[in-house]
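Notes for the one structure printed next.
Within every chain, numbering begins at 1; the chains are lettered A, B, ... in the order of the sequence lines, protein sequences first and strands thereafter.
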Number of protein chains: 2
Amino acid sequence: MKISSRKKQFLDESLKMIHKKGYKATTMRDLAGQMGFEVSNIYNFIESKESLLETYLFQISEDFHTGINHIMKSSHDPSGKLKALISLNIKLTSTKPYQVGLLVNEWRNLQEPKLSKFVDKRTQYEKKVRIIIEEGIEDGQFRRFDIDIITHTVLASVRWIYYWYIDHSENINPYELEKQVTDFIFNGVNRTK
Amino acid sequence: MKISSRKKQFLDESLKMIHKKGYKATTMRDLAGQMGFEVSNIYNFIESKESLLETYLFQISEDFHTGINHIMKSSHDPSGKLKALISLNIKLTSTKPYQVGLLVNEWRNLQEPKLSKFVDKRTQYEKKVRIIIEEGIEDGQFRRFDIDIITHTVLASVRWIYYWYIDHSENINPYELEKQVTDFIFNGVNRTK
DNA sequence: GTCTATAATTCGATAGAC
DNA sequence: GTCTATCGAATTATAGAC
């Protein structure tokens, strides 16, 4: 079951290229050219172009689901859960920025029935985030917002980070980044309250 | 110079379909089928597939640039400028949600030299947002954050809204939405400070 | 694991009649 | 403004030799 280093190299290079050019715009010829061999060799490693996308997407998707399920089962209060959610996002983004980029940008290129499966799982994830926000408001830890609006805004506040990581990974301290983003989400930009 | 209603209908339908399927995944045959005519008729309305994308992208891009230039020249303090920026985003998103969607998702499908032109303009836009944040921190109106991190987080906080609008436009009160998002960006979710 | 060769399909775009 | 017909290029994928 060992994955040859050549296959691993192919998967890594392809991931980066698909992120950069987009899944549809990246051809099998592009991927082969990046490896310096002919198109037909790709099929020694994978079954099809779409299976490549599926592998990337469902791997990182599972990481997020495993992470949030741990958070939901934890004994944290809503504030603690929200902090853990931010931490989860930054941990996964810092270790797998290109996969996170695909998760954000390329999911809709999945074909049915995988597309519906993916969207369903994402909806489940968002519902769990919604519960954290909802409980925080009912507890009085969070202010009274429209729950859906704030759920989406919180999710959006961490969704851009993969891009930052890919371009500046050498200069990013993930702990400082986590601190800043957490501070923003909890307290906003305003100094005078 | 009057645009025929048939052309306008084509442009509107195509915009929606390109948003839904993605630019690369949407074929000229798809667009023709949506209109109920043959592919060749498309070229009565547009020069090429890419000119279609360019038209959509540079129109909405200009709207954002015009808007932020007015804000930068205004007499508002940094807090007022940031509020105006949020207002601009929600105004453009509520009136042109599909164009905003293309701006977020499809810009990289532009070909050179249009691609570089677009990216340059976007960088200019982000620099202006950065100046607002920077001045707010120096004035003491905003708390001391890493400027780049907070600039990107603020931008991300409003970037998701086009998606919300396309799916729920009938139930959205843009003034309430603006109030909620502004409140989030300025004060965060935390109740106890 | 790498190659050559090619199948089978789809793509954007054009020519020209009506 | 709509059609039929078609071109040339590009695309994913497969067959089979080495």
- request: Report the distance from atom CD1 of I46(B) to atom C1' of dT14(C), rounded to the nearest whole Å.
  value: 14 Å
- prompt: Looking only at side chains, do N109(B) and K24(A) share a donor and an acceptor under 3.5 Å apart?
  reply: no
- request: Report the distance from atom CD of E38(A) to atom C1' of dC18(D), rounded to the nearest whole Å.
  value: 15 Å
task: Look at the side chain of S40(A) and the base of dT4(C), then say whether one donor and one acceptor between them are separated by less than 3.5 Å.
output: yes
query: Just how far, in rounded Å, is P of dA17(C) from CG of N41(B)?
result: 17 Å
task: Using only heavy-atom distances, determine whether the side chains of D77(A) and Q141(A) contain a donor-acceptor pair under 3.5 Å.
output: yes
field: Exercise: do D120(A) and T123(A) side chains pair donor with acceptor under 3.5 Å
entry: no
statement: 5'-most contact on DNA chain C (nearest-nucleotide basis), V39(A) vs F45(A), goes to F45(A)
- request: Round to the nearest Å and state the distance from I42(B) atom CD1 to dC3(D) atom P.
  value: 11 Å
- prompt: With a non-hydrogen cut-off below 4.0 angstrom, is R6(A) in contact with a base, only sugar-phosphate, or nothing?
  reply: sugar-phosphate
- request: Indicate yes or no: does K96(A) engage E62(A) in a salt bridge with an N to O separation below 4.0 Å.
  value: no
statement: In whole angstroms, the gap separating C1' of dC3(D) from CE of M35(B) amounts to 15 Å
- prompt: What is the distance, rounded to the nearest whole Å, between atom CZ of R29(B) and atom C1' of dT9(C)?
  reply: 11 Å
- prompt: Base, sugar-phosphate, or nothing: which does T26(B) touch, judged by heavy atoms less than 4.0 Å apart?
  reply: sugar-phosphate
- prompt: Starting at OH of Y43(A) and ending at P of dA7(C), how long is that distance when rounded to a whole Å?
  reply: 17 Å
query: Are any of N44(A)'s side-chain N or O atoms less than 4.0 Å away from OP1 or OP2 of dT2(C)?
result: no
- line: To the nearest angstrom, the NZ-P distance between K7(B) and dT2(D) comes to 14 Å
